[in-house]
Amino acid sequence: MDRDTWQFTGDDASFALRSPHLTRYLYFPLVNEAGMMSVVTPTLHGDAKTGQNEFLTLPVSVEDLHENRAARNFWAAVEGRAPWSATGNSSWQLADPAADSVALEAGLLWQRVTRENPLVGLRADILSFVPAGPDRVELMQVTL
């Protein structure tokens, strides 16, 4: 699969995309019938709310999604290396977007971002979703 090539992977609107962090304005809604409403980008920027006046995080516009530095994050420390952001939000990753290999899989109301850096020796798989049911919660499962 080439960079910037969307590849549909099923009959349920799921798809895959390489280097999604280089694609502007890409974001996903994560919602459920209990009223949880989140928005998340491939770099885990976005907001989480339960209504127009009930925000867990600072509300963002479509411009803020990619320009604001506030984001969900997961950090890893490897001895002898600078801290590595599993979401690609460290200063050195932002300065060199090609430092990490990044792939996205997504579908209706979920996204999975896989980020790997051979110099650091880490690979992270981050699944973001809001489960169906009565709970107002957004879940992020991180596998290193």
Side-chain angles (χ1 to χ4, degrees), residues 1-78 81-117 120-144:
M1 178 174 53
D2 295 329
R3 183 176 92 65
D4 295 335
T5 300
W6 301 78
Q7 181 180 23
F8 288 94
T9 58
D11 294 333
D12 60 355
S14 58
F15 67 93
L17 175 65
R18 291 227 179 269
S19 301
H21 59 303
L22 303 178
T23 303
R24 304 269 311 153
Y25 301 108
L26 179 61
Y27 64 93
F28 301 92
L30 305 175
V31 301
N32 70 7
E33 53 277 336
M36 188 67 198
M37 298 176 280
S38 296
V39 173
V40 65
T41 69
T43 54
L44 276 66
H45 288 82
D47 63 20
K49 58 188 170 279
T50 58
Q52 291 296 18
N53 299 310
E54 298 172 320
F55 286 85
L56 175 64
T57 60
L58 186 66
V60 296
S61 69
V62 71
E63 290 297 323
D64 294 333
L65 287 172
H66 300 280
E67 302 301 330
N68 191 325
R69 296 301 347 131
R72 300 154 181 90
N73 216 328
F74 188 91
W75 292 91
V78 174
R81 300 284 182 192
W84 183 70
S85 167
T87 63
N89 287 309
S90 74
S91 60
W92 64 270
Q93 288 167 295
L94 293 171
D96 183 9
D100 293 341
S101 170
V102 185
L104 170 82
E105 296 173 77
L108 295 175
L109 308 179
W110 65 274
Q111 83 163 9
R112 177 186 312 272
V113 177
T114 303
R115 178 177 294 273
E116 186 170 6
N117 186 293
V120 177
L122 291 176
R123 175 186 168 138
D125 182 79
I126 302 173
L127 174 64
S128 301
F129 67 99
V130 171
D135 299 315
R136 291 180 173 182
V137 62
E138 175 188 317
L139 300 177
M140 182 172 87
Q141 178 185 20
V142 179
T143 305
L144 282 180

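Worth saying up front: this structure is predicted, and the values here are computed from it rather than measured.
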Taking atom [atom1] of [X] and atom [atom2] of [Y], what is their separation to the nearest 0.5 Å?
X: Asn117; Y: Ser85; atom1: CG; atom2: OG; result: 11.0 Å
X: His21; Y: Thr41; atom1: NE2; atom2: OG1; result: 11.5 Å
X: Glu138; Y: Phe129; atom1: CD; atom2: CZ; result: 10.0 Å
X: Leu44; Y: Ser128; atom1: CG; atom2: OG; result: 4.5 Å
X: His45; Y: Asn89; atom1: NE2; atom2: CG; result: 4.5 Å
X: Gln141; Y: Trp110; atom1: CD; atom2: CH2; result: 12.5 Å

Donor-acceptor contact below 3.5 Å, side chain [X] vs main chain [Y]:
X: Asn32; Y: Asp135; value: yes
X: Arg72; Y: Asp47; value: yes
X: Trp92; Y: Pro83; value: yes
X: Ser101; Y: Glu116; value: no
X: Arg112; Y: Glu105; value: no

Taking side chain as C-beta onward, heavy atoms only, is [X] less than 4.5 Å from [Y]?
X: Met37; Y: Thr50; result: no
X: Gln111; Y: Leu104; result: yes
X: Leu109; Y: Phe28; result: no

Problem - Sole residue of Val102, Thr23, Leu22 in side chain to side chain contact (heavy atoms under 4.5 Å, CB included) with Leu17 - result: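 Testing each of Val102, Thr23, Leu22 against Leu17, the sole residue satisfying side chain to side chain contact (heavy atoms under 4.5 Å, CB included) is Thr23.
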Testing the basics here: between [X] and [Y], what is the closest heavy-atom pair and its distance to 0.1 Å?
X: Phe74; Y: Leu144; value: CE2-CD1, 3.8 Å
X: Arg18; Y: Ala103; value: NH1-CB, 3.6 Å
X: Thr43; Y: Arg115; value: CG2-NH2, 4.3 Å
X: Gly88; Y: Leu94; value: O-CD2, 3.7 Å

Exercise for the section: Kindly check if the number of other-residue, nucleotide or ligand heavy atoms within 6.0 Å of CG (Asp12) is above 12? Expected result: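 Atom CG in Asp12 is crowded, with more than 12 foreign heavy atoms closer than 6.0 Å.
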Practice task
Return yes when atom CD of Glu33 has more than 12 non-hydrogen atoms of other residues, nucleotides or ligands closer than 6.0 Å, and no otherwise.
Solution key: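 For Glu33, atom CD is crowded (more than 12 foreign heavy atoms under 6.0 Å).
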Problem - Chi angles and distances behind the side-chain contact (heavy atoms from CB on, under 4.5 Å) call for Leu122, Val78 - result: CA-CA 9 Å; Leu122 291 176; Val78 174; 3.6 Å; yes
Practice task
Please assess Met140 against Ile126 for the test side-chain contact (heavy atoms from CB on, under 4.5 Å), listing each intermediate value before the final yes or no.
Solution key: CA-CA 7 Å; Met140 182 172 87; Ile126 302 173; 3.5 Å; yes
Practice task
Indicate whether any N or O donor in one side chain lies under 3.5 Å from an N or O acceptor in the other, for Thr114 and Asp125.
Solution key: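 Distance-only check passes for Thr114 and Asp125.
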